[in-house]
Amino acid sequence: MSQETFINYRQYRWFWITLAALVALTVVYLCDSPLGGPSGGTVLGYTYGGIATAGILYLMWFGIRKRSYYAKHTTLKGCLAAHIWVGIALLFIVPLHSGFSFGLNVHTLAYVLMVFVIGSGIWGALNYATLADEIQAHRGGGTSKALIEQIDSISRELEKALSGQKSDSLTKLVRSVDVPFEPSFSRYVAGKGVHPLDSRKAGALLSDLPSSEREEGASLVGLVSKKLALMKQLQDDVATMFWLKVWLYVHVPVSIALVACVTVHIFSVFYLW
Amino acid sequence: MSEHFDVAVIGSGPGGLGAAANAAFHKLSHVLFEKKEIANTIFDYQLRKHVMAEPGKLPLRAKVSFEAGTREAILDSWNTSLKELGVNVRKGEVSAIKKEGDKFVITYGEGQVTATNVVLAIGCQGTPRKPGVPGDGLDHVGYTLADPDAFEDEDILVVGVGDAAIENALALVAKNRVSILNREDSFPRAKEANGAALTRAIQEDKIRHIINSNLNRIEHGITYIDGPEGEVAVKADRVIVRIGAVLPRRFVEGCGVEFPNADMNSVPVVSERYESNVPGLFIVGALIGYPLIKQAINQGHEVIEHLMGNQVVPADQVLIEEALGSLPGDVNENLKMVRNSLPLFQHLSEPQFRELIIDSTLHKPKAGEILFERNDYTDTFWSVIRGSAEIDLPDGGKFVVPAGGYFGEMGLLSGRRRSATVLAGKDSLFLETPRNQMLKLNNSVEALKRALDERFMRNALESSVFPDIDPEFLTSLVHRAKMRSFKKGEVLAREGEEGDVLYVIRKGSVKLSRKNKGGMDVAFNYLPAGHYVGEMALLSEEPLPRSATVTAAVPCETIIIEKQDFLELLRENPEVRKRVVALAEERRVQNLTEARDEYTGEMLDFVVQQGLTDAENVLLIDSDLCVGCDNCEAACAATHGGYSRLDRKGGKNLNALQIPVSCRHCENPLCMVDCPPDALMRNPDGEVVIQDSCIGCGNCVRNCPYGVIQMVYEKPQKGFGLFSWLFSAGEGGASGKKSGVGKAGKCDMCQNLGSGPACVRACPTGAAMRVNPSKMLQILSEKKGAAA
């Protein structure tokens, strides 16, 4: 696709910038042989720590940039590209900073939190890249509200048809194949939801009907089938929207915890020093 | 012997109030006729509506006060003024005004009076049409609906399915049980959006749709209807009848007043004292083309001053001075000089000419200065008062417009970009007139219309269609050619039918389609203004069938050339013939190769249906990239007073390309038609924007076929919420409590930000883009490639 997105922004400009920076930092790290081995306490360790802190602050600034609607010189798409690639680079810069020393302490906790934040970010970016095109597919060119309205209107049509019935065999038929439209978390997100009409079962039930009612029964089953298909579309739509949004509820709060933890990390280092 | 007055004022709108108040002040014997309420149009406004006092610079000189304020405050102050001045108000509908000798006989509800002079100030709203059935005058039968919230838990019957009826029915639905009475079974006269909203409400059982029925009689609580199966009683606590209005033109003509032409928009010609062709009969306000309150009040006031024999400097003198201030010498002499030097405007009445000058701008450019450039979007009309202008044609040709001439009329009438660059000659003086002012004159001054039409046809035929045509032949052709308008969707020519005329598209665009093997009409091309169509069936003396169906994609204006004239044109102009035949052959080849591509057909149909052939710039959302974060709407709202001017979820979708509800900056913007203060304009980059002078009348909201203009209100400041700041997309759409002054709001392409549209810049994934329609077609084709 020729279009520019938040991933391939300006021919992967931010990927190449961060890759180059990472290579440079790794080469310097490998060339450095400080007394007592590499650690956060060496000159290079402090330098890389400073770079990582600046990186984290830059990533946090995205929250403000996203809401700066008057921003003149950059587009949000470009900033997001930078946000993603700089974030991924931090996963590698921080171990270079600490000389790959980890332990059960607040310093490593900061790294773990960062991995969580960046991991959830990657998850979010992957969701953005892979799920967006599903929204329209599920909505069939309309909106989710229109889907709900269609389902509702078919439900009413079904009820109207059934309320005029003298024999209850048609009601029984509909009740046994229909699924009531009751949106719930487990149904719509956890995927325990509606499935398309089981045509074999419906066929068997129809054949049990007296022949005089079979034609009407078939048209009712047709309506149910249409309704179930729409409910399935809606269910998939809700699930997609859920995955497109839920990662932010990990990403944002944990990033705030990360900033707090990095503050403690820096404070404790300088205090103990 | 009937009562006699010096002055009878008909209608108590602003113009009538200005006249009656001044007559009372001068102790003239007078009477003010009003059939309903004082200032009825404003009385019928929605409660607490804010009324503006435009134009701000125009001084008010009247015995009634008027300043911007709520409907209630204005009505109060006017009623108080009338009482204090002792204005003689008589309730009753005037049905006839006849001049007998030197006085007028005025027939109204209860009888007759006579008057030496008459001031006609009845506006142009007209009288709501009554159904003419027993009971149509009962208390519970209404012909307007000021405040839908005033009714609750009632059974309401709305009669009619025009826009007013539908809007009323939908507004009443929230708190009442509403039925709508329709003589037919569909709503052909309603706007698309209204028709769709009503259909939805009917499907959802919110409104009961009574079809193929007519009113029989109205009684308290019950209305009787003649339906397909006989008489039916409908429970109705209230009946709202909205079946159109009887326009005042017939009444005015009945008084002996002449209109310049049959055009529905034309207004009667009056003298500088607002006197019509009937001596002693004065007309003021909207009826002569002055829709603003302050103008009408002043005019009414001035008429009485004239009758008193007082020398009146027109209220707009200060504006004339401002407009002509840059010229040395006496302003009135200068006004005369300008008028004498522009023959095109010689048929304008004095008030029309003054308004033209007030709305226009004088230019005294240096020799060689560029007035406008080719491909500019400006749409003003230029007259040469002194000196000359040089027109540089794209082919390198030049010609000079001398003093008294004019240019810029192509952009004015066709709404397209400038076709040439124009430079100022030595020691020149120009008058630049806004498009709306020229269109207004075009509608009301027949001689001006004819001159512009002929010039336009000439230019259109000569410059873009038949450049090699013989000038003399062209003149005779222009005299024989006709103009014709087509509504959106109207068919100009049908495939297979015999072709009899050639259409030159002067404004709008057309869609070409052919039937495929399955008999389905498939679009294969569209042609914008400046092209001709229909020539293929005219190339032989023998009758030939049309090879394609031609449909107006948007409202179109065309120049029609009859087959015989066209054949003569080809015979007399061999160069033209060569070109026409070559193009016809090219089109024939296109027809054979392209007409069967159904995807292209679907794409073109979509583009045409969405009115995108008329778009200059359209907001697209690539559904393959959109994650539904609504940051685009949030960015729009944040940069536009809290109201998003785009509805991301709204609009149509083709091949995962969404056209959200947002302004397309049309080539022929229908929103601009009928804007009383001329607040809508196209700026030089092509964007259609609303200026601060908007008075909030809502005409553009109703006129936009794409529903992209909304009324916006000052929004209360919301408190800051950390949670919503972090997790939601800012301020969202146009919710919030309505308060303060409503004005029209739409996309302005963020021209004040200086960095492009905020919605596009705030899209995190790159889904949102603003492109021109050809880029859009390219993206659509790419999508097809990706899907295949």
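Numbers restart at 1 for each chain; the letters A, B, ... are given by sequence-line order, proteins then strands. This is a predicted model, so every value here is computed, not measured.
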Examine whether an atom of [X] lies under 4.5 Å from a heavy atom of chain B, and if so say whether it belongs to the side chain, the backbone or both; otherwise answer neither.
X         : result
Ala71(A)  : backbone
Glu134(A) : neither
Lys145(A) : neither
Ser153(A) : neither
His83(A)  : neither

For the residue pair [X] and [Y], what are the closest heavy atoms and their distance?
X         : Y         : answer
Ile135(A) : Cys626(B) : CD1-O, 3.6 Å
Tyr69(A)  : Ala758(B) : O-CB, 4.1 Å
Lys77(A)  : Gly766(B) : CD-CA, 3.3 Å
Leu80(A)  : Pro764(B) : CD2-O, 3.2 Å

Is the CH2 atom of Trp61(A) crowded by more than 12 outside heavy atoms at less than 6.0 Å?
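Check passes, neighbour count above 12.
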Does Tyr58(A) OH have over 12 foreign heavy atoms under 6.0 Å away?
yes
CD-CZ distance between Gln203(B) and Arg156(A), expressed to the nearest 0.5 angstrom:
9.5 Å
Any donor-acceptor pair under 3.5 Å from Arg761(B) side chain to Leu76(A) backbone
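Flag not set: sc Arg761(B) to bb Leu76(A) has no pair under 3.5 Å.
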Glu204(B) portion near chain A, given a 4.5 angstrom heavy-atom threshold:
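Interface part for Glu204(B): both.
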In terms of heavy-atom pairs under 4.5 Å, which option from Asp152(A), Thr240(A), Thr74(A) contacts chain B the most?
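Highest number of heavy-atom pairs under 4.5 Å: Thr74(A).
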